[in-house]
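Structure, as structure tokens:
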Amino acid sequence: MSKHIFVTGGVVSSLGKGLTSASIGMLLEQRGLRVRMQKFDPYINVDPGTMSPYQHGEVYVLDDGSETDLDLGHYERFTHSPLTRDSNYTTGQIYLSVINKERRGEFLGKTVQVIPHITDEIKGCIRKLAGDDVDVVITEIGGTVGDIESQPFLEAIRQFALDVGKGNCLYIHLTLVPYLKAAGELKTKPTQHSVGLLRQIGIQPDVLICRTERSLSRADRDKIALFCNVPIEAVIEEKDKDFSIYEVPLSLVENGLDELIVRRLGLHAGELDLRAWRELLHRLRNPLHEVSIALVGKYAGHRDAYKSIYEALDHAGVAHQTQVRVQAVQSEDVESEGAERLLAGFDGLIVPGGFGERGIEGKVLAIRYAREREIPFLGICLGMQCALVEFARHVLGLAGAHSTEFDKDTPHPVVCLLDEQRSIINKGGTMRLGAQRAILDPHSKAYACYGREMVLERHRHRYEFNNAYREQFAAAGLRAVGTSPDGALVEIIELEGHPWFVAVQFHPEFKSKPTAPHPLFAGLVAAALARQAERGERAREVEVR
Ligand code: GLN
């Protein structure tokens, strides 16, 4: 029978519940246990697919095409838990399902209520992840204890222990222990209040993870233990990590969390094996080189909007023991200030995915700069579409070339809608989504990176390269080197005669892990290193002369 861990958060949002949950999953896996991860989001949107990246950060896409919360990215980067649409539920989805059942008459005339109908639905979603092949299901409850929206989820996890037995469940509460400068001390009162709220609804947390910028003293821990009714060994400190998020699991181990969980749930676990993880941190801490990459997008100041890209670049850095410095560049600024001013000196450039017209011309200019100055370039989704527009306009001489997403009447629609996308008016879940196969040309840089002919990558877009232009592009050197297996859709393009100019219609960033960096990001960093070495060489030659 599977055991259950519930992770809740209190005091403030953005405590890093997702990272902590992922770290717990990773530690249990490294003790030989089979883990499944899941998150509930208390908002009413059916999924985050329709939400602005300003509100919600990136939309993380799974193999099965579900559009999910970015915390699921942490789950995938830290663990091997298979993630599917059962791994992320929102209030909107839960209610939608219950209301659909009501319309079908499945409640046989009963009054449909939050308790038990909504809570039953939630519990059903938790149970879906349990099974003979699963030792531990980790369920993270988004939001903060005390939010009106979270109530049905908290009530459901309270009931869950009644259903499966208290000994099979563990409640972990993440809280903030702030340091008050004026008082010169850490304050435990917010934690006490937060746990008080949980206890009011019938949940006594088993473990408290205290997020803090300073170490807790014995007295702080004693106080928290006493007022929150938990044993002292279950007061776990999680201090801010300014170096890397990949340090979080190690700090939890130092504070005895894995052992505590194993003991409390009576799990048959092996020895903790952190060799690979320590090696990863060693490489992160001791880079031999450094490269700078410009990320030219329209949410430049907003890291969460490109979360997985930042992570994937870190992973690629690990692969080459290189510190990758990423500079976000606002694409509109490239329009107003010019590419030379903002992009000179970078060793590589990425134009990420996106929707909407704002900043498009800046992306096109940035790509032109990368193409003409031979700067290694990786275009992702919209980034590939912009590369096509740029090439069409400036190399093929097709004035006014564009994607029909931005100019319906363009004389040269080099990027356009697929027939099956044309009739769709509903938003959300209506794109080409999820894992799709692509076949690579063995004589391509992409193939050299992947080392294989068939790849499976995740998509999230409506528009495609217009095949009517394929030959014209190829004749001028921008070749389709990866296509769907039937050859109908272009998935990867590359520029001949450029050191490294690769653009893809999919999102490679979703499949990169710290212990398995994505081949294309690793390829970009390798090319950036090569460019840097070459420039250094040239500079030295000039000096000698
Ligand atoms: N807006 C583009 C499309 O829908 C690209 C989407 C993306 O970059 N994810 O095709």
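Order of appearance sets the numbers: ligands from 1, and atoms from 1 within every ligand. Everything numeric in this text was worked out from a predicted model, so none of it was measured. For the numbers below, each heavy atom of this structure counts, side chains included, while hydrogens, waters and symmetry mates do not.
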request  = Quick one: sort the H74 and F78 rings into parallel, tilted or perpendicular, breaks at 30° and 60°.
outcome  = perpendicular
query = Within 45° of the six-membered ring axis of F473 and under 6.0 Å from that ring's centre, is NZ or CZ of R479 located there?
reply = no
ask   = Take atom CZ in R437; do more than 12 heavy atoms of anything else shown fall under 6.0 Å from it?
value = no
ask   = Does NZ or CZ of R36 lie under 6.0 Å from the centre of the six-membered ring of Y75, at an angle within 45° of the ring axis?
value = no
Please tabulate, line by line, the atom pairs linking an N/O of ligand 1 to a protein N/O at a distance below 3.5 Å, with the distance in Å to 0.1, or answer 'none'.
| residue | atom | partner | partner atom | Å |
| --- | --- | --- | --- | --- |
| ligand 1 | 1 (N) | G354 | O | 3.0 |
| ligand 1 | 1 (N) | E405 | OE1 | 2.8 |
| ligand 1 | 1 (N) | E405 | OE2 | 3.1 |
| ligand 1 | 4 (O) | R462 | N | 3.0 |
| ligand 1 | 8 (O) | G354 | N | 2.8 |
| ligand 1 | 8 (O) | G354 | O | 3.4 |
| ligand 1 | 8 (O) | L382 | N | 3.0 |
| ligand 1 | 9 (N) | R460 | O | 2.9 |
| ligand 1 | 9 (N) | H507 | NE2 | 3.2 |
| ligand 1 | 10 (O) | Q385 | NE2 | 3.1 |
| ligand 1 | 10 (O) | R462 | N | 3.1 |
| ligand 1 | 10 (O) | Y463 | N | 2.8 |

query = Quick one: do K17 and D71 make a salt bridge, cutoff under 4.0 Å?
reply = no
inquiry  = Within the 3.5 Å criterion, strictly below it, is a donor on E340 or Y369 matched to an acceptor on the partner's side chain?
reply    = yes
